[in-house]
K.L.:
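Pasting a structure below so you can have a look.
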Amino acid sequence: MRQSEFGFDHGDAAEAIVDGAFLLRGRALPVVDELLVGVQDVVEASPLRHMITPGGAPMAAAQSNCGALGWVADRRGYRYEACDPETGRPWPAMPQVFASLARDAAGECGYDGFDPDCCLLNRYEVGCGMGQHVDADEQDFAWPIVSVSLGLPMTFRFGGVERGGKTLPVVLQHGDVLVFGGAARRRYHGTSPLKRGVHPVLGACRVNLTLRRAGTGALPRD
Ligand code: SIN
Ligand code: FE2
């Protein structure tokens with residue numbers, strides 16, 4: 001452990017990317033088989049789908065969720081919901097390995113006590129990407145976002161706090177964990193389109209797990 005320039009301890013493995021954002025290369029590899037079983041279980045219960053944005057366009061990435069809350073886009077807007085609108089049932093429970101990896105990775109970057117209540121799954125096919133956006137539907141921006149990359153490499157891009165302008169590219173590989181909190185939590189970010197390739201385990205796609213603390217801590221009631 002060492003004191004980082006941002007004023008807290010983090011493991012030597014954490015690479016500072018921008019203020020508040022750290023890359024833990026290969027951090028998920030020791031549990032990758034368990035993660036993939038978890039992904040399979042989640043998408044069996046709540047299948048991947050292309051949600052429709054308020055503007056009427058389908059999202060490029062196919063998405064699902066697990067945990068107490070799931071991120072939803074539809075004609076009415078963006079929000080978190082306790083039930084999957086496609087199945088009418090609660091989102092599948094978050095596999096323990098997702099939550100423990102996220103908690104440990106966040107802790108290694110100085111964000112202690114991270115207890116995610118949502119994991120958004122994004123599956124990108126070749127040529128698909130995600131436009132610049134801020135994760136803004138969560139109740140408390142004090143919590144970081146933990147992002148786990150599986151499958152083909154993809155270029156993630158950090159922008160600034162205003163839309164537009166230059167972006168900083170970060171190549172995310174199978175097993176990498178990106179943690180962004182603090183000042184980075186309010187930055188625009190997105191990805192370049194997925195480049196052609198075939199990953200030995202996942203084939204011609206990338207799956208991203210985005211772990212978040214969306215709610216206040218109280219379980220949603222209906
Ligand atoms: C996101 O920002 O929601 C996902 C980015 C990624 O797939 O790495
Ligand atoms: Fe995001």
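Just follow the structure's listing: the first ligand is 1, and inside any ligand the first atom is 1. A quick note: this is a predicted structure, and the numbers were derived from the prediction, not measured.
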K.L.:
Does this structure show an ion pair linking R212 with D117, if we count only N-O contacts that are shorter than 4.0 Å?
P.N.:
no
K.L.:
With the Fe ion (ligand 2) as the point of reference, which N/O/S atom of H133 is the closest?
P.N.:
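The nearest such atom is NE2.
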K.L.:
Mind checking whether H189 has an N or O less than 3.5 Å away from an N or O of ligand 1?
P.N.:
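Yes; at least one N/O pair falls below 3.5 Å.
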K.L.:
Any atom of ligand 1 sitting under 4.0 Å from a heavy atom of M154?
P.N.:
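The answer is no, since M154 has no heavy atom less than 4.0 Å from ligand 1.
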K.L.:
Do H133 and Y188 make the cut of ring centroids closer than 6.0 angstrom?
P.N.:
no
K.L.:
Checking the N or O distance criterion of under 3.5 Å, is ligand 1 in contact with H133?
P.N.:
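Yes, at least one N or O pair falls under 3.5 Å.
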K.L.:
For R212, counting its heavy atoms only, list the atoms of ligand 1 lying under 4.0 Å from any of them.
P.N.:
3 (O)
K.L.:
To the closest 0.5 Å, what do you measure between CZ (F180) and CD1 (I145)?
P.N.:
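Answer for the CZ-CD1 pair, F180 versus I145, is 5.0 Å.
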K.L.:
Can you tell which of N65, D135, D137 makes a side chain to side chain donor-acceptor pair (under 3.5 Å) with W71?
P.N.:
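Testing W71 for a side chain to side chain donor-acceptor pair (under 3.5 Å) against N65, D135, D137 leaves exactly one candidate, D137.
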K.L.:
Quick one: look up the protein heavy atom nearest atom 8 (O) of ligand 1 and list residue, atom name and how far away it is.
P.N.:
R206 NH2, 3.0 Å
K.L.:
Can you list the atoms of ligand 1 that are under 4.0 Å from a heavy atom of M130?
P.N.:
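By the 4.0 Å cutoff, the relevant atoms are 1 (C), 3 (O), 4 (C).
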K.L.:
Supply the atom-to-atom distance F98 CZ to C118 SG, rounded to the nearest 0.5 angstrom.
P.N.:
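Answer rounded to 0.5 Å: 11.5 Å.
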K.L.:
For the Fe ion (ligand 2), which N, O or S atom of D135 is at the shortest distance?
P.N.:
OD1
K.L.:
Taking only heavy atoms of Y124, which atoms of ligand 1 are found under 4.0 Å from at least one of them?
P.N.:
4 (C), 5 (C), 6 (C), 7 (O)
K.L.:
Thinking salt bridges, do R213 and D115 make one under a 4.0 Å N-O criterion?
P.N.:
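Counted as a salt bridge, because a side-chain N and a carboxylate O are separated by less than 4.0 Å.
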K.L.:
What atoms of ligand 1 come within less than 4.0 Å of a heavy atom belonging to N122?
P.N.:
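Counting from 1, the qualifying ligand atoms are 3 (O), 4 (C).
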K.L.:
With rounding to the nearest 0.5 angstrom, report the CZ to OG1 distance, F158 to T167.
P.N.:
11.0 Å
